[in-house]
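Reading through the structure tokens given below for one structure.
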Amino acid sequence: MGFVFTAAAEAAIGWVVQSILGSFFTGQMQVWTHEVGLVQEVEELETEMRTIQMVLTAAERSKIDNKPLSESLDELKELIYDAEDVMDELDYYRLQQQIEGKCYSADACSNPEGSCASSSAPSYFHRIGKSVTHNISWAVHGQKRKREEEEPTHSSMLPLEIKHDISKRIHGIVNRLRSRGKPVHRVLKLEVLRQTMMPNQSVPRKLRQTTSVPIERKVYGRDLERDNIIELLTKGNSGDLGVLPLVGVGGVATTRRTSVARMIGTMNKVEVNGLDETEFWLLFKACAFLGNENQENDPTLQSIGKQIAEALRGNPLAARSVGALLNRSVSFEHWRKVQYKWKSLLEQDDDILAILKFSYEFLPVQLQHCFSYCSLFPKDHKFNGDKLISAWISQNFVKCECHTERLEETGKLYLDNLVDWGFFEEINSHYVMHDLMHDLAEKVSSNECATIDGLGSRKMPPNVRHLSIITTAYDKDKPCDFPTEKFENTLQSIRSLQKLRTLMFFGNRCTVLCRSLHTLCKESTSLRLLRIYVTADDINNVHNLLKPYHLRYLEFDVNPTFDTFGYGDIVINTSIPQSLTQFYHLQVLDASSQANLAVPTGINNLINLRHLIAHEKVHSEIAAVGNLTSLQELKFKVRDANNFNIAQLQSMNELITLRICQLENVKTEEEAKSASLIDKEHLKMLSLSWDDNSMSPEPTAEKTRDNVLEGLEPHQNLKHLQLTRYSGATSPTWLANKVTSLQTLHLENCRGWQIVQSLETLPVLRKLKLINMWNLMEVSIPYYLEELVLVNMPRLKKCVGTYGQDLTSGLRVLMVKDCPEMGALKELELMDVPVVEELSIPSLEKLVLIQMPSLQCCSGITASPPLQVSTSQVDQKELVSSLRKLTIHDCPCLIVSLPMPPSPLISDLSIKGLSTFPTMVTDQGTFTIESCELGELDGRILPFHNLKGIRLMYLKDFPNLSCISSEVFSQLIALEHLYIWGCPNLFHPQVVSEKVHENSTPDRNDFVLPSLKSFSIWSCGISGRWLTEMLPHLHSLEDLELWDCRQIKLLLISQPTETEANSLASAETTLARDEQLLQVPCNVLRSLKHLHISKCPDLEFPAGVSGGFGECTSLVKLQIQDCPKLLRSNTSLKCLQIRECPHLGFLDGLQHLSSLQILDIGMNPDLSAAWDLKLQEQEQSGNQVGLLPLSLVEFEMSKLEGRVNSSFMRLPSIKKLGLWDSPELVSVQLGYCTALEELEIRRCKSLASVEGFQSMKNLRSLKVLGSPTLSRNLEQQGTSEFWSRLEILEISDPAVLSMPLCKQLTSLRDLQFNCLWSDNDETMVLDVEFLVGYLHKMQLTIWSRCHLLQLIIRQ
């Protein structure tokens, strides 16, 4: 089978060549090689490298099936790496001569990289390369160029043995480049026309969307899995630590191996399958059209996207990766190109890794290198962004496109793009890689990268260049249990150590591999990055074995020395190895271990050092630190010695972060200016501190301090400034006039300042921190300030801007502590503040905290841990004593440890979105509380003594609430209305039984609510027995509502007679029956006015007990809904509503409700049949009593069928009648309804006739809506006398108003057209000419609710 050499491989080699040419073949190197006599060799190497570059450019984007060619290209790549090594070594000797030869000066290597790599000056080598740009020949270039007329005068500067070795190696590389180039050239002549398009290899430089607030991510699908996980976690034993394995498709923290789940899990595994088609398309579309939502409806793009999405099999990670690939350019051309390559991929392999690799191949080459390099790190590794970027820089993966750009800035752009395109995920302050992405990185880097973890055997690449040894799986084991021999045998099998460029160890147990570590350090002569764990005893031995030529990144962690039993010695003082002072290419030295490291002399020779990660003592002990001109972070301690004076900072213009302390050792303004802070244009953060706390009264001393600070003027680009222990009385002039980019100003212990003003001249200032400013009396606050911290300022009286809206318009963070003279701040609102963890503001009247994800402590609300800013303790009660309004929303980390509300004076309370704390709202005497987690409600949650003024309380949506402390109700003396909704376990018979068993049952005698008037219980598990024992204490109860209380099955309204009591006693007297029985006590029977019982299908009166609702002597309104077993007589009842009772088959005794005035009944076939039968019996017996009480004034019926005769409607007192929702009703006889004043008929589409209009002498209002059959016959239903008395007419069919009928409406004053009830969609035209003649006689109001009605008025 032939070997396929892809375009990506060609591009990768070409990129490496270009990188080497740009790094080493520069004007600086040209001058030096001329001096040492190697100019001809270097020129020849450059020529061959540029020829390779031209050939690969010509062959770019080709796809060639040719095994010999692939082998030649592999050899070319090895030669290219060798060429980079020899040129890098040559550059090392140049630096060594520059430093050790005492030729070093700031001008000798003025570029920020400290070597020739970044020089952009055109070189002789570059000019030669241009002369052969169009020549693609691989032939030998003829005779060697003539040497310079004069031999180099300084060739002795490079020892002869080194010079001859370098020359020999370069000649060997050049010759092999020429010989290996011939087959490549020959094949390319035949294949150059077979090309395919490749994506642009430049890194997109689009600006990322940034925000100071964590973006809430949307979750697509996984509802079933989520519910399953919650159920498993909540039902488990909370006392045990459980491991719940998730097995299946990635997108959450999952494993794809069931065996792994069995190994680590303590609970049943949860299968996580792919998303369903709908949810997956929503996720894929969101990724693909991100930032281009206006193109989502493009049919062509949608078609392409759906074809690709279908092949991803619901995998969320694939959706993010491929969606991000399409998102790089939301255009038809780009999407079509991706689709074309996608189809060819599916023909070969549709595995998930193949799909992810498809996205990888579209990455620019430099990003491919950066991503594949990450395979060296352990799975689930938390990447530090800055360290990862520095690692990429050490391997020469990062190249700046603009000479003003810094390598770290470009590297951050690379990382941002990998995040945007789904290869990394950014979480808080670190980055993570999904395990599938890690698998992909291992796959695409398998030719050059390898890991050894001791868990499995992996094939070691013959030419491995990057190696990591991972022992983290053994970190918790004893040293004697570590498989040392297994690791050492694997390491000894590596045959290409001299080619190794990366060596990283992960895991504290790596120190037991000291023998292998020594071998690796000694033989790995090409290392660029080394990350190791060493002991204090071995640190110097290891570093003495390293070659200094190439190393860019060194990280070492000094660990204790362990004995065989696992006991370690405490790390005592040790030092940075002296040998490291000769590693002139070193860019990063990470010595951030816990050991106390001493600094060797000569460390200032590391002129390329960009980052020194170590304790600040290490920074401050570097003599002549000014030589480190590439350093970007420094903590500098000023001393009187020359090597430690402030002038050391003069040439360090690459600094980004600078902290200077002991500034009392700077005596004059001129000395301060020698630091040249004003020239440091990259400086972003500056901290200036004095260590003397004296307040010298001498004016000369004060003048000196002021002058020194004036001389420390920074560049205008500075963003963050901190001044500590500055004892001058005034601020420097440059603070208000020069540092216009300042965003943060932090002043601490500046005791002399009395006024901080002119801050409004800092247009982008966002944070102001003033701490321990003892004499400060006034501060001006710009209106655009976002964060203000005022701590321990006893004389502060005035904050200009705090009294108007200017301050509150932008302020998001505020901390005021120990400022006794400042009492103006009464209201504080903080919304959408992601970083604040602690808050303390005394004497507030209003506090609003919304969307503060990091807030953990708020004085007066939580317990009082020590604050980050050390201040005097403030009494907890003082902080809330004046509070009137408190709002806390979406603060998930805030643990409310005190009962809420914290004060009885709080009249406006709203708490939502707090972890494990219930939702609470208090507004105008109404208190609402709900919680999905709370199981018991007592004084730990609610301070009931602070709720004495509450008149209305809602307890709702408590699925786990089982009991309420008796003190809840006993102190609510003003409570008039109580609603308990959605508490299925509250006082459930089974729960009460368990409480009795635990001897902790609540005492219902304490549930005294003297003012309670209405009590509503919805969807609760409350037992009849519990309610029976509570009701006697409700002496003022007027309204009682029971809705869906299925544990109450028996209702006893009247007090049973002795016979009935004996009957009840002789019946089954089980505990279950006692729990089901609700007996309404006498005091409630006398006070109850409204009773509503709904959704209680099993509720009935006990057998053998009479009376029904008759004992409710004060009852005015009774509503029974969906309670088919429950209905009895009540002579005092005035209003009755019976609806949604489809199984109600019998209803007798209504005619005896002599006080009933309003009746609303929803009929059903069984009830209609029963009433028809009853009417027939009455007619046959001559009984004229009827079925309905004669006292009815208002009557509404629905769901009638067939014909309603006059015997049923024998209602002489009825004034208002409504017939609703009766599509099967055919006719109605209303002859006995002589007092009727209002008749309303709605949605009775089959009703054809209403008999008895002529008897309705008092009818003034008629409404016929949604009843088309009756509308067509309406004019024939009544006489002219009937129509002439009508005052109000509402109809849905305007066609009813014929001209003859209109002329009879002589009393009409209100006409309404309501077509919302009409089935006719056609436009209706109404001729109202007849109205014109009456306009001068009467006021006629015409209302139209018909959007299809046209009125025509003829003059």
Hits for side chain to side chain contact (heavy atoms under 4.5 Å, CB included) against Leu1286, two or more places apart or cross-chain, chain-then-number order -> Leu1262, Trp1283, Leu1289
Sequence neighbours excluded, the answer for side-chain hydrogen bond (donor to acceptor under 3.5 Å, both in side chains) partners of Thr1234 is none
- Before accepting this row, confirm whether a basic side-chain N of the pair Arg1025/Glu1075 lies closer than 4.0 Å to the acidic partner's carboxylate O. yes
For Ser1191 and Ser1155 the tightest heavy-atom approach is OG-C, 4.0 Å
_Leu1265 backbone acceptor or donor facing Ser1292 side chain under 3.5 Å_ = no
For Glu1041, the side chain to side chain contact (heavy atoms under 4.5 Å, CB included) test, sequence neighbours excluded, returns Ser1016, Trp1018, His1092
The single option from Leu1239, Leu1211, Ile1214, Val1204 that satisfies side-chain contact (heavy atoms from CB on, under 4.5 Å) with Leu1230 is Leu1239
Closest non-hydrogen atoms of Gly1231 and Ser1255, given as atom of the first, atom of the second and distance, are O-CB, 3.8 Å
* Asked: Are there more than 12 heavy atoms of other residues, nucleotides or ligands under 6.0 Å from atom CD of Glu1287?
  -> yes
side-chain contact (heavy atoms from CB on, under 4.5 Å) test vs Leu1247 passes for just one of Val1228, Val1264, Val1226, Thr1269, namely Val1228
Using modelled atom types only, decide if a donor and an acceptor are shared between the side chain of Asn960 and the backbone of Cys932 within a distance under 3.5 Å. yes
Arg1272 meets the side-chain hydrogen bond (donor to acceptor under 3.5 Å, both in side chains) criterion, sequence neighbours left out, with none
Hits for side-chain hydrogen bond (donor to acceptor under 3.5 Å, both in side chains) against Ser1014, two or more places apart or cross-chain, chain-then-number order -> His977
Contacts of Asp1044 meeting side chain to side chain contact (heavy atoms under 4.5 Å, CB included) (sequence neighbours excluded), chain-then-number -> Ser1019, Arg1046, Lys1095
Across all chains, not counting sequence neighbours, the salt bridge (charged side-chain N to carboxylate O under 4.0 Å, His left out) partners of Asp1160 are Arg1139
- Classify the angle between the aromatic ring planes of Trp1171 and Phe1208 as parallel (below 30°), tilted (30 to 60°) or perpendicular (above 60°). tilted
Sorted by chain and residue number, the side chain to side chain contact (heavy atoms under 4.5 Å, CB included) partners of Lys1263 (sequence neighbours excluded) come out as Glu1240, Ser1261, Glu1290
Sequence neighbours excluded, the answer for salt bridge (charged side-chain N to carboxylate O under 4.0 Å, His left out) partners of Lys1215 is none
Sequence neighbours excluded, the answer for ring pair (Phe, Tyr, Trp, His ring centres under 6.0 Å) partners of Tyr1232 is none
In terms of heavy-atom contacts, does CZ of Arg1203 have more than 12 from other residues, nucleotides or ligands at under 6.0 Å? no
Residues at least two apart in sequence or cross-chain that pass side-chain hydrogen bond (donor to acceptor under 3.5 Å, both in side chains) with Glu1251, listed by chain then number, are none
Residues at least two apart in sequence or cross-chain that pass ring pair (Phe, Tyr, Trp, His ring centres under 6.0 Å) with Phe1253, listed by chain then number, are Phe1282
Shortest non-hydrogen pair, Ile980 vs Leu986, comes out as CG2-CD2, 3.7 Å
Verify the neighbour count for atom CZ of Arg1210: are there more than 12 heavy atoms of other residues, nucleotides or ligands below 6.0 Å?
yes
